[in-house]
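Chain A is the first sequence line, chain B the second, and so forth, proteins listed ahead of strands; every chain is numbered from 1. Since the model is a prediction, treat every value here as computed from it, not as a measurement.
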Amino acid sequence: MRLSGPSQYGPVFKNGTHTGGGGLTVLFVKNSVGHPRLGLAIAKKHIKFATGRNKIKRIIRASFQARQSQLGSVDVVVLSRKEITKRSAAQLQSTLDKHWQTVITQWEK
RNA sequence: UGAGACGGCUAAACAAUCGCGGUGCUUUAGUGCUGAGGAAAGUCCGGGCUCCAUAGGAUAAAGUGCCAGAUAACGUCUGGGAGGCGUGAGCCUACGGAAAGUGCAGCAGAAAAUAAACCGCCUAGUUUGAUUUGUUCGGCUUGGUAAGGGUGAAAUGGUGCGGUAAGAGCGCACCGCGCGGUUGGUAACAAGCGUGGCAUGGUAAACCCCACUUGGAGCAAGACCAAAUAGGAGGGCAGCUUGUGGUAACACAGGCAGGUGUGAUCCGCACCGUCCUCGGGUAGGUCGCUUGAGGCGUAUGGUGACAUACGUCCCAGAUGAAUGAUUGUUCUCGACAGAACCCGGCUUAUGGCCGUCUCAGCUU
């Protein structure tokens, strides 16, 4: 489910395909595990307080879980951007849905 | 009812389904248990713990600063004293030293520190002044005077009476202050007695002096396991052949091989044993990591902070970092905010509820 350690994060950062927008950047790459795995990187620089960071992580995890069955064996890392402070929770969910869709279509190819 | 002071409690509730971090049990898919805060925050103090060191003394630097107690310790807390603020409940205070030394004080004001005569008040002298001819007023000179005016945050004790030419601790009373006993109190201090005639202006959150405290770095502390690579130590085995020595193991000398680089290739040139063990410690992993100056209850001691005894409970332990989503019901429609080694405080942010007390108004 979860990515852990530089050995698992490293390949995604190096070879991952980018999609972005809406205050988030999504990197993804195929893996050999057979199920999707999620990693999060929400910068303290962008969101100052810990509660705010936790909220965004929860939103991303929830939407990831909802789409989990549709995603193939992919490692995904979601990064925060500066504009994320301007986005509401509902906006984030819709943009995440878009990003998952692009990941699915890319993976099917 | 309004305004206020102090203290305590709480952190939407319940149910279902799907998930997440720990952990146990069967066993590889289920299931049980459990899972953020009052501030987890700021990182401002104090400890524990760990390593470096061996800290005995002195100096520097930093901090603390009424007294007594609590505590592992503190700059925290409790009780007391003093001063200040408020009608009051209550609240606030870096609250040691200015007769060890140095420094500082804008404007105003005559003068701001070995005090000082601007206006004024008073004595004496003087007079081409005025004049109601006076023991008057004015000018000038000489002294005396800090009572009054004015300036200032602050002007060398305050008020009153006596006293005096006018004044003045010059004298007296009371208050304040200094010094010395006495009494009460562990002490800070208070009360009262005697005495001095009034001294030491302010500023130490200016330097400074005095007393006390502090070794440094921090869980990325630190301990252990440990791939790979380079270098290190020890040991085993070290191609073929000729000669010499030796019984032999082996040693010495020569020749031929082997690998890598250079290069299209050959020659040439340069470089090179191999395996094991130890040590080392990188990536990575494990521990540290949650049973603790612990919580809750009762009793006892203490004004209290707190201590002691007994009983009882186990209450997050992640590491790109766990609490969410959906549905239903209810209400006052939910603030500030997320553990990261652990405790004791302080400070700051913040929704709601309750109690006690004070002041004002109204009713009885």
Qualifying residue, where the test is side-chain contact (heavy atoms from CB on, under 4.5 Å) with A/Leu40 and the options are A/Leu79, A/Val78, A/Val76, A/Val77: A/Val78
Atom P, compared across B/G218 and B/C67: separation rounded to whole Å: 35 Å
Syn/anti state for B/G134 [syn: chi within 90° of 0]: syn
Rounded distance (Å) that lies between atom C1' of B/A337 and atom CD1 of A/Ile47: 15 Å
Identified pairing partner of B/U23, criterion: Watson-Crick or G-U wobble below 3.5 Å: B/G32
Pair assignment for B/A339, Watson-Crick or G-U wobble, requiring both distances under 3.5 Å: none
Nearest-0.5 Å distance that lies between atom CD1 in A/Ile47 and atom NZ in A/Lys57: 9.5 Å
Rounded distance in Å between the P positions of B/G83 and B/C354: 42 Å
B/A11 to B/G324 separation - P atoms, rounded to the nearest Å: 16 Å
P spacing across the pair B/C104 / B/A113, given as an integer number of angstrom: 11 Å
Selected nucleotide, minimal atom distance to A/Ala50 side chain, candidates B/U323, B/G324, B/G338: B/G338
Nearest heavy atoms of A/Ala43 and A/Arg53, plus distance in Å: O-CD, 4.2 Å
Touch class at under 4.0 angstrom, heavy-atom based, for A/Arg53 against every strand present: nothing
Value in whole Å for how far the P atom of B/A36 lies from CG of A/Asn54: 14 Å
Pair partner, B/U87 [Watson-Crick or wobble, under 3.5 Å]: none
Base partner of B/G101, which must satisfy Watson-Crick or wobble distances under 3.5 Å: B/C207
Atom P, compared across B/C313 and B/C20: separation rounded to whole Å: 34 Å
Phosphate-side-chain proximity, A/Thr51 and B/A337, N/O vs OP1/OP2 below 4.0 Å: no
Nucleotide forming a Watson-Crick or wobble pair with B/A111, both distances under 3.5 Å: none
Chi angles and distances behind the side chain to side chain contact (heavy atoms under 4.5 Å, CB included) call for A/Thr102, A/Val26: CA-CA 10 Å; A/Thr102 53; A/Val26 179; over 6 Å; no
Watson-Crick or G-U wobble mate for B/G162, both contacts under 3.5 Å: B/C170
Check: A/Arg58 side chain, B/G19 base, donor-acceptor under 3.5 Å: no
